[in-house]
Amino acid sequence: MLDDVAQDVQVAGPGFVNITLSNEFLARCIAEEPISSPHTDAQRIVVDYSSPNVAKELHVGHLRSTIIGDSITRMLALAGYQVVRQNHIGDWGTNFGKLIAYLDEQDSSEQLDNSLADIEQLYIAANRRFDEDSHFAEKAREAVVRLQTKDEQANATWRKFLSVSLAHMQEIYEKLNVLLTEDDIRGESSYSDDLSLVIERLESAEMLVESDGAKCVFVEGFKRKDGSPLPMLVQKSDGGYLYHTTDLATLLYRAQELKANQVLYFTDSRQILHFEMLFAVARKAGFVGPEVKLEHHVFGSILNSKGEPFKTRSGANILLADLIDEGIARAATVVQEKSGHLSDDLKREIAHQVAIGAIKYADLSKNRTHDYKFDWDTMLALDGNTAPYLQYAFARVNAIFTKGGVKQEDVDPRSASVSHPAEHDLAIRLLRFQEAVDQSIEERKAHHMCSYLYDLTVHFTRFYETCNVLNAAPAVRDSRLALCARTANTLRIGLDCLGIATPSRM
């Protein structure tokens, strides 16, 4: 039964059988099997990721949600799923009440400019006033209600905040090679007209309980530390709504309007309780049917080389714009040392690709649930399990075709044959790409793809160092070029799953 597949089958202890795949079978698969195949039963999956708060510059705390979520959506799309990206930005609520109230009391000479840094400084000042001045805090809460009730002046100020913030977000996403666009944004404000409906439906389900004028929901199994029932507050006594209410409206929209079969959230672990309660309330109220899968996927923290929170010396979060700029500057040094003969424009392009790849891969190559240390020297190394190592391997494959005067697209995969042990080992790795995709999707963890790509690259390097390609006999040359072409395409598709570019030269 295994005659067409195996060249050797051996019993290896109780319950184990070792099967050595035949070279002919491997060559046939390389010639006939696609690198990746879509699933036939693919469902519609809504993925909530990045989700920064407006009026603040994106900082390192936004990095993991953004790039982890983006990598999973890329792999889901590759596998044929109907992916709906959702960037649920925080563009509503108390933070904006603080800003509006602060601007309302400033001199008319103080104007809001087009700088997000300026807005953030205003927010810092407003937040300080909110904490220190109870009268101002009350004005801020009133401003939230004005915003929620469509007051024109409050909404005009809010729209200015939003415009500047969205431009900043999109600039960072593009630098990070993240697929989110403004079309994927559906922030808290998008659900403002649905919040009263949420309250009505909770009331119809006989789930609302009033306490001191506020409205809340209790779900069995959620308790405070003292054992008393833990409520989910959905409407304050002044009529204002909370993020719980907005998240319920969001789930209602995703289940009923987007027709989601699955909804995935990628946030840090501090929100575990919130999402457990959110899912329980949404199901009990009938917002989401039992057939819809709801998943909250958490991630660890980014630490510095000493194992401490990754922040500036002053304790502030590092801005993503500054992190990217530093990465490009450091990568430029690496590129200059390795490829100083290239044009300045090409070196700048490669430095950007290497920097972004290094930042992303350092994160994605770690188990999502674990903390990891951010270390530039390790991340930018051209050896070891790093993005530059994989990118350099891709460039090395391209160099083979350039030197041989052969176009990759002209290589016939049917010319592949397998005889040398290094060819055998490389072929096995090439045929395991779909397994890496499926495991990454199943566990919602991109480090499986990273491990696969690193293993593939290690075995390609061994093949490259052991098996002469261009100077081999014609039939062997064509066969090895077919293996090289398959390797290049697999690396390109695999790194694209991580949102990492593949420079053709390095």
Side-chain angles (χ1 to χ4, degrees), residues 35-36 49-50 62-79 85 172-180 266 299 302 320 323-328 330-332 334-335 338-339 346-368 372 374-376 378-398 429 433 436-437 440-441 444-458 460-461 487-506:
I35 293 174
S36 179
Y49 67 104
S50 193
H62 299 115
L63 184 63
R64 300 210 72 183
S65 174
T66 302
I67 64 176
I68 291 171
D70 193 61
S71 67
I72 296 302
T73 64
R74 286 169 180 265
M75 283 185 269
L76 286 168
L78 180 67
R85 297 174 175 84
I172 296 297
Y173 291 150
E174 289 174 3
K175 285 183 178 180
L176 284 172
N177 191 23
V178 167
L179 296 179
L180 287 171
F266 289 91
F299 45 79
I302 304 177
L320 280 186
L323 186 74
I324 292 170
D325 288 344
E326 181 177 357
I328 293 173
R330 288 175 177 266
V334 175
V335 173
K338 197 71 180 177
S339 307
L346 187 53
K347 283 188 287 189
R348 279 192 291 270
E349 179 183 350
I350 294 173
H352 181 96
Q353 293 173 332
V354 169
I356 298 304
I359 291 169
K360 286 185 165 185
Y361 194 85
D363 187 310
L364 297 174
S365 61
K366 310 300 187 298
N367 188 314
R368 168 174 51 77
Y372 78 93
F374 194 98
D375 182 272
W376 282 118
T378 301
M379 291 160 54
L380 288 167
L382 284 169
D383 54 6
N385 190 10
T386 67
Y389 174 65
L390 305 185
Q391 290 172 315
Y392 184 67
F394 179 82
R396 177 182 281 182
V397 182
N398 278 339
R429 270 72 188 181
F433 177 78
V437 174
S440 298
I441 288 175
R444 321 303 192 194
K445 292 179 176 180
H447 76 273
H448 296 299
M449 175 58 71
C450 296
S451 297
Y452 164 78
L453 293 174
Y454 176 63
D455 187 48
L456 172 64
T457 302
V458 168
F460 169 76
T461 301
T487 300
N489 287 328
T490 303
L491 283 173
R492 176 179 52 78
I493 295 171
L495 286 170
D496 186 66
C497 284
L498 308 175
I500 296 175
T502 44
S504 58
R505 301 172 68 183
M506 275 185 70

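Quick note: residue numbers are just sequence positions, from 1.
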Exercise for the section: For residues N398 and R505, determine if any side-chain heavy atom of one lies less than 4.5 Å from a side-chain heavy atom of the other. Expected result: no
Completion exercise
Residue set satisfying side-chain hydrogen bond (donor to acceptor under 3.5 Å, both in side chains) with S365, at least two apart, ordered chain then number -> none
Fill in the blank from the handout: Across all chains, not counting sequence neighbours, the side-chain hydrogen bond (donor to acceptor under 3.5 Å, both in side chains) partners of K445 are N367
Practice task
Please report the closest heavy-atom contact between T487 and V397, naming both atoms and the distance.
Solution key: CG2-CG2, 4.4 Å
Completion exercise
By side-chain hydrogen bond (donor to acceptor under 3.5 Å, both in side chains), S71 pairs with (sequence neighbours left out) none
Practice task
Could you give me the CA-CA distance, side-chain angles and deciding distance for L78 and C497, then say whether side chain to side chain contact (heavy atoms under 4.5 Å, CB included) is met?
Solution key: CA-CA 8 Å; L78 180 67; C497 284; 3.6 Å; yes
Handout entry: Straight-line distance of L456 CG to T490 OG1, nearest 0.5 Å
Key = 6.0 Å
Problem - Closest approach of A358 to L380 (non-hydrogen atoms, all atoms of both residues) - result: CB-CD2, 3.7 Å
Handout entry: For the student: nearest non-hydrogen atoms of T73 and D70, plus distance
Key = OG1-O, 2.7 Å
Practice task
Please list all pairs passing the side-chain hydrogen bond (donor to acceptor under 3.5 Å, both in side chains) test where one or both residues lie in residues 492-504, with sequence neighbours left out.
Solution key: R74-D496, N489-R492
Exercise for the section: May I ask you to decide if K175's main-chain N or O and H352's side chain share a donor-acceptor pair within less than 3.5 Å? Expected result: yes
Problem - From CE (M75) to CD1 (I493), nearest 0.5 Å - result: 13.5 Å
Problem - Partners passing salt bridge (charged side-chain N to carboxylate O under 4.0 Å, His left out) against D455 (at least two apart in sequence or in another chain) - result: R429
Practice task
Go through the steps to decide whether L320 and T66 satisfy the test side chain to side chain contact (heavy atoms under 4.5 Å, CB included), and finish with yes or no.
Solution key: CA-CA 11 Å; L320 280 186; T66 302; 5.7 Å; no
Completion exercise
Looking only at heavy atoms, the pair that brings V354 and A331 closest together is CG1-CB, 4.0 Å
Problem - Set of residues satisfying side-chain hydrogen bond (donor to acceptor under 3.5 Å, both in side chains) with respect to N177, sequence neighbours excluded - result: none
Fill in the blank from the handout: residues 349-361 vs salt bridge (charged side-chain N to carboxylate O under 4.0 Å, His left out), sequence neighbours excluded, gives none
Practice task
Could I get the full list of ring-ring contact (aromatic ring centres under 6.0 Å, His included) partners for F433, not counting sequence neighbours?
Solution key: Y452
Practice task
State, yes or no, whether a side-chain contact exists between K366 and F299 at a heavy-atom distance under 4.5 Å.
Solution key: no
Practice task
Give the minimum heavy-atom separation between M379 and I359, together with the two atoms involved.
Solution key: CE-CA, 3.7 Å
Completion exercise
By side chain to side chain contact (heavy atoms under 4.5 Å, CB included), E326 pairs with (sequence neighbours left out) R330, W376
Completion exercise
Rounding to 0.5 Å, atoms CG (L364) and CD1 (I68) come to a distance of 6.5 Å
Problem - Interatomic distance, R85 atom CZ to L179 atom CG [nearest 0.5 angstrom] - result: 4.5 Å
Handout entry: Check against side chain to side chain contact (heavy atoms under 4.5 Å, CB included), V335 and M506
Key = CA-CA 7 Å; V335 173; M506 275 185 70; 5.8 Å; no
Exercise for the section: Heavy atoms only: give me the nearest A446-I72 pair and the separation to one decimal. Expected result: N-CD1, 4.3 Å
Practice task
Apply ring-ring contact (aromatic ring centres under 6.0 Å, His included) to F266 and list each qualifying residue two or more places apart in sequence or on a separate chain.
Solution key: H297
Problem - Under 3.5 Å: donor-acceptor pair, side chain of S65, backbone of H62 - result: no
Problem - Contact check, side chains of L498 and L453, non-hydrogen atoms, under 4.5 Å - result: yes
Practice task
Say whether, by atom type as modelled, one donor and one acceptor occur between the side chain of Y361 and the main chain of C450 under 3.5 angstrom.
Solution key: yes
Exercise for the section: Indicate yes or no for a side-chain donor-acceptor contact from R368 to the backbone of R444 under 3.5 Å, with no hydrogens or angles considered. Expected result: yes
In a table with atom names and distances, give each donor-acceptor pair under 3.5 Å that connects a side chain of residues 387-395 to protein atoms at least two apart or in another chain.
unit_1	atom_1	unit_2	atom_2	d
Y389	OH	T461	OG1	3.4
Q391	NE2	Q353	O	3.3
Q391	NE2	A501	O	2.9

Practice task
Report the residues that fulfil ring-ring contact (aromatic ring centres under 6.0 Å, His included) with H448, sequence neighbours left out, ordered by chain and then residue number.
Solution key: none
